[in-house]
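See structure below.
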Amino acid sequence: MKDINGKLQYHGKEYSLVFNLNVMENIQAEYGTMEKWGDLTDGSSGEPDAKAVIFGIREMLNEGIDIENEEKGTDMPFLTHKQVGRLVTEVGLEKVTETMNTTVIESTQSAEKN
């Protein structure tokens with residue numbers, strides 16, 4: 001697995017979406033498996049599960065924030081569930097889920113190639 005960063009713009013700030021083992025572990029702890037979480041977020045059987053989408057996006061955004069804080073010595077606070085819900089609403093559910101899914105797929109595909 002390789003850190004592949006998706007990007008989202010919100011209120012003039014660019015946020016990185018990071019999918020790595022830390023994020024995978026948190027998703028598995030919450031949903032059991034990545035497959036179960038993916039089934040809830042892809043919307044193939046209707047609309048995507050909002051809670052699962054927000055959870056995954058929050059984990060990916062907060063991992064990006066954590067990495068940025070470590071690398072740049074900053075102290076940006078993590079985003080809450082409600083803040084991420086507002087971000088998803090404003091940016092657009094379709095755009096956010098597409099960015100999230102692309103980030104996950106590219107992260108896992110890059111690991112398979114190496």
Side-chain angles (χ1 to χ4, degrees):
M1 181 174 295
K2 185 172 180 153
D3 285 347
I4 303 290
N5 297 346
K7 303 288 185 192
L8 290 175
Q9 294 283 334
Y10 179 64
H11 286 194
K13 175 153 177 46
E14 183 176 80
Y15 290 92
S16 291
L17 287 170
V18 176
F19 183 79
N20 60 18
L21 285 175
N22 295 328
V23 173
M24 180 184 257
E25 176 185 20
N26 292 339
I27 290 171
Q28 287 172 334
E30 183 73 17
Y31 291 94
T33 67
M34 287 297 299
E35 183 177 2
K36 288 179 187 175
W37 174 76
D39 289 344
L40 292 170
T41 61
D42 72 6
S44 62
S45 61
E47 62 190 33
D49 181 286
K51 182 179 178 185
V53 169
I54 292 170
F55 182 86
I57 292 292
R58 186 184 73 208
E59 292 300 316
M60 294 170 79
L61 288 170
N62 285 339
E63 182 68 6
I65 290 169
D66 197 32
I67 290 169
E68 184 175 330
N69 284 343
E70 286 178 10
E71 290 177 353
K72 296 182 179 178
T74 55
D75 194 26
M76 185 175 165
F78 294 134
L79 298 171
T80 67
H81 184 86
K82 284 189 173 191
Q83 288 171 320
V84 173
R86 291 182 195 118
L87 179 150
V88 171
T89 300
E90 188 166 316
V91 173
L93 181 61
E94 186 175 326
K95 178 176 174 51
V96 171
T97 55
E98 179 181 319
T99 303
M100 177 180 67
N101 289 335
T102 300
T103 302
V104 171
I105 290 166
E106 288 179 2
S107 293
T108 55
Q109 282 181 344
S110 67
E112 292 169 4
K113 292 177 185 174
N114 293 330

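Start at 1 with the first residue, then count along the sequence. Worth knowing before you read on, the calculation uses all heavy atoms, side chains too, and leaves out hydrogens, waters and symmetry mates.
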Any heavy-atom pair between the side chains of Glu90 and His11 that's under 4.5 Å? yes

Between CZ of Phe78 and CG of Asp66, what distance do you get to the nearest 0.5 Å? 4.0 Å

Considering non-hydrogen atoms only, spot the tightest contact between Thr89 and Gly85 and give its length. OG1-O, 2.8 Å

Closest approach of Leu79 to Tyr15 (non-hydrogen atoms, all atoms of both residues): CD1-CE2, 4.1 Å

State the CE-CD1 distance between Met100 and Ile54, to the nearest 0.5 angstrom. 10.5 Å

Are there more than 12 heavy atoms of other residues, nucleotides or ligands under 6.0 Å from atom CD of Gln9? yes

Taking side chain as C-beta onward, heavy atoms only, is Leu40 less than 4.5 Å from Pro48? no

Between CE of Met24 and OG1 of Thr33, what distance do you get to the nearest 0.5 Å? 10.0 Å

Spacing of Glu47 atom CD and Thr97 atom OG1 [to the nearest 0.5 Å]: 12.0 Å

Quick one about Lys7 and Ser16 (side-chain donor to acceptor, distance below 3.5 Å, no hydrogens or angles considered), yes or no? yes

List the steps and the verdict of side chain to side chain contact (heavy atoms under 4.5 Å, CB included) for Met34 and Ile27. CA-CA 7 Å; Met34 287 297 299; Ile27 290 171; 3.6 Å; yes

Heavy atoms, side chains only, cut-off 4.5 Å: are Thr41 and Asp49 in contact? no

Which of Asn20, Val18, Leu17 passes side chain to side chain contact (heavy atoms under 4.5 Å, CB included) with Met60? Answer is Leu17

In this structure, CD of Glu68 is separated from CD of Glu63 (nearest 0.5 Å) by 12.5 Å

Given 3.5 Å as the limit, does a donor-acceptor pair link the side chain of Thr102 with the main chain of Thr99, or not? no

Keeping Trp37 on the side-chain end and Gln28 on the backbone end, is there a donor-acceptor pair under 3.5 Å? no

For Met76, does its backbone N or O pair with a side-chain atom of Asn69 as donor and acceptor, under 3.5 Å? yes

Would you kindly check if the NZ (Lys) or CZ (Arg) of Lys13 is within the cone defined by 45 degrees around the ring axis of Tyr10 and under 6.0 Å from the six-membered ring centre? no

Side-chain contact, heavy-atom cut-off 4.5 Å: Lys95 with Glu98? no

pair Leu61-Leu87: side-chain heavy atoms closer than 4.5 Å: yes

